[in-house]
Amino acid sequence: MTVELVGDTVSGGGTVRLASGGSTASSSVRLRRSVETGVVEASFEGGLLRSQDSAMRFRGTVRGGPSGLEIPAIVLEGSGASGRVAGAIPDWRRLRIAAELNGLPLEALFDFGLAPPELHDVIEAGRISGRLDATGTLRRPVIEFAAVVDGLATGGVRETRVTAEGRLEGDDLRVSAEATLASGGALVADLTQLPASGLTVFVRADRIPLSLLRTARPDMPAVGGTLSEGSVLFVADEHAIEVRVAVEDFSYGQLPPLYGWIDLDCRGRVCRDRFRIGLPEDGVAEGDGRVALLHDPTVAPSLAWAGLRDGDWLQHVAFADVDPAAFGPVAEGAPSGSLSGSAVLTGRPGSPRGRAEVVATGMTWEARPEMPPFDGRATADADSAGVRVGLHVADPAGGAAEAVVEWPSDPLTLLHDPEAAATPDVRLAGTVAGGVFVALFPGSFAHAPAERVGIRTRWSPPLQKASSPAPVR
């Protein structure tokens, strides 16, 4: 800060210059002091706020003395914007100050260091207008504010209008905001900070086009549909987080449109979920569960993932009337029919165990019309000792086959070790129609080898040779 003044105890003048970061403020100033009242008046002329890319001029008058502070007016102009501050602090006790701003580019907020720098690469355009009224006393101020951002562009989403208003009285803070998207939909947020109950935050989304995700991330697959309802509620004193997401006609990449909802309710260390998803051709999947985390996510958010990975877990899933062929290109070559089933997962996400069952009815291959229709049932059991899958298949001609596939490794090991996953123990037995062989191995048989063919086989992975102990010397 640099101050150069000349004059005496009654009047004078000079220049004032303040530098902070990459911004500077400078002005010519004239000072006058009333001998009778002791009031000092400072008049600023030709003031300039300058940063690397923005500049605003200001002028105005400030008076201060034993009776308090008075601001007749301070006017700002530049960068296509204007602003004004006026008011008083009578007897240095009560507040009566009003400020307004019109059309300031958001870029200028970053230039002058008035906005978090981490948001600079996110916000691309927009202009902000607003007002602020300060009343009450210096010990317990009451501040009311309102702001509007027009033409906001962020992450490729353009022409968004944001409005916000709030009130701060002592330690009580209340803020509400709403963002209206040009492409449709809105976001509403409310924040309350009270000494008695702490922080409460509620955010709600209404009719948001999911295509905006790809606008923000052009490298991701095509996304379609609507976020018909979405909300997040955080209540600090209850250690509670509630999340709800509902979508309509959701599509991702080559998946066909889906619809559904999911609820998550966390109270302290315990989180519960419920969901329901509508699948193509009247299929449906639903479930519920709970996880007891190691850490309270409202107290230690940075440890939430570790708590999810190592906490106790219970999850139920069920589905019915699911046609694999109805999933379009992502299920090319899959049979058509009806799948129903359920699963129970327990343990920990880092060490899961559980059981699943799937029943198949009226399965046919459109691309392989020579294959007979079949029904089937599959079960799977998994724990730390290994994974076991059982399969039973039957055709209308009376043929039936059973298979058992076992891995002596836990599920996570199989996911991360392709060699272990590729070497299961397989047992197969049953009786199938001879025509099935002709269909399964086209060109290998001139005709069915027999009316019925019995099958019994087993394949086991080779045992690894134990390493010989090193000789003792």
Side-chain angles (χ1 to χ4, degrees), residues 313 315 317 319 324 331-335 337 339-361 363-365 367-368 370-446 448-471:
W313 188 28
Q315 184 72 47
V317 179
F319 57 91
E332 185 176 359
L339 296 179
S340 298
S342 63
V344 178
L345 306 176
T346 61
R348 298 179 177 180
S351 179
R353 59 184 186 271
R355 177 177 175 82
E357 180 179 5
V358 178
V359 176
T361 306
M363 306 302 290
T364 60
W365 266 282
R368 301 286 302 277
E370 70 277 9
M371 292 290 293
F374 67 93
D375 298 333
R377 177 176 176 268
T379 60
D381 294 272
D383 54 30
S384 59
V387 177
R388 183 180 189 274
V389 176
L391 179 65
H392 175 86
V393 179
D395 64 43
E402 293 187 353
V404 176
V405 185
E406 293 181 306
W407 292 266
S409 302
D410 65 88
L412 291 186
T413 298
L414 297 178
L415 287 175
H416 296 96
D417 187 348
E419 183 177 351
T423 54
D425 183 274
V426 181
R427 300 188 298 276
L428 177 64
T431 302
V432 298
V436 173
F437 272 82
V438 178
L440 287 175
F441 306 102
S444 299
F445 298 93
E451 184 178 350
R452 293 186 181 277
V453 178
I455 303 173
R456 184 177 296 275
T457 184
R458 178 171 184 173
W459 182 87
S460 298
L463 296 175
Q464 295 183 350
K465 294 182 179 180
S467 58
S468 301

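Keep in mind that this is a model prediction, so the values were computed, not measured.
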Verdict with supporting geometry, Trp459 and Leu428, side chain to side chain contact (heavy atoms under 4.5 Å, CB included): CA-CA 9 Å; Trp459 182 87; Leu428 177 64; over 6 Å; no
side-chain contact (heavy atoms from CB on, under 4.5 Å) involving Ser384 - partner list, sequence neighbours excluded: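 By the side-chain contact (heavy atoms from CB on, under 4.5 Å) rule, Ser384 matches no residue at all.
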Restricting to side-chain contact (heavy atoms from CB on, under 4.5 Å), what partner residues turn up for Pro408, sequence neighbours left out?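 side-chain contact (heavy atoms from CB on, under 4.5 Å) list for Pro408, sorted by chain: empty.
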Return the minimal non-hydrogen interatomic distance between [X] and [Y], and the atom names on each side.
{"X": "Gly337", "Y": "Met363", "answer": "CA-SD, 3.6 Å"}
{"X": "Leu391", "Y": "Ala378", "answer": "CD1-CB, 4.0 Å"}
{"X": "Leu339", "Y": "Phe319", "answer": "O-CD1, 3.8 Å"}

Could you give the distance from [atom1] ([X]) to [atom2] ([Y]), rounded to the nearest 0.5 Å?
{"X": "Ser409", "Y": "Glu419", "atom1": "OG", "atom2": "CD", "answer": "10.5 Å"}
{"X": "Arg377", "Y": "Ser340", "atom1": "CZ", "atom2": "OG", "answer": "13.0 Å"}
{"X": "Thr379", "Y": "His392", "atom1": "OG1", "atom2": "NE2", "answer": "11.5 Å"}
{"X": "Leu345", "Y": "Trp313", "atom1": "CG", "atom2": "CH2", "answer": "5.0 Å"}

Answer yes or no: is there a side-chain heavy-atom contact under 4.5 Å between Val405 and Pro424?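 Answer yes - side chains close enough.
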Under a 4.5 Å cut-off applied to non-hydrogen side-chain atoms, are Leu412 and Pro352 in contact?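 Heavy-atom side-chain distance check passes, below 4.5 Å.
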Any ion pair linking Glu402 and Arg427 (charged N to carboxylate O, less than 4.0 Å)?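 No, no charged N to carboxylate O under 4.0 Å.
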So, are Asp410 and Arg353 salt-bridged, with charged N and O less than 4.0 Å apart?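 Result for this pair is no, no salt bridge flagged.
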Please enumerate all residues that pass salt bridge (charged side-chain N to carboxylate O under 4.0 Å, His left out) together with Asp381, with sequence neighbours excluded.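 Result, salt bridge (charged side-chain N to carboxylate O under 4.0 Å, His left out) vs Asp381: Arg355.
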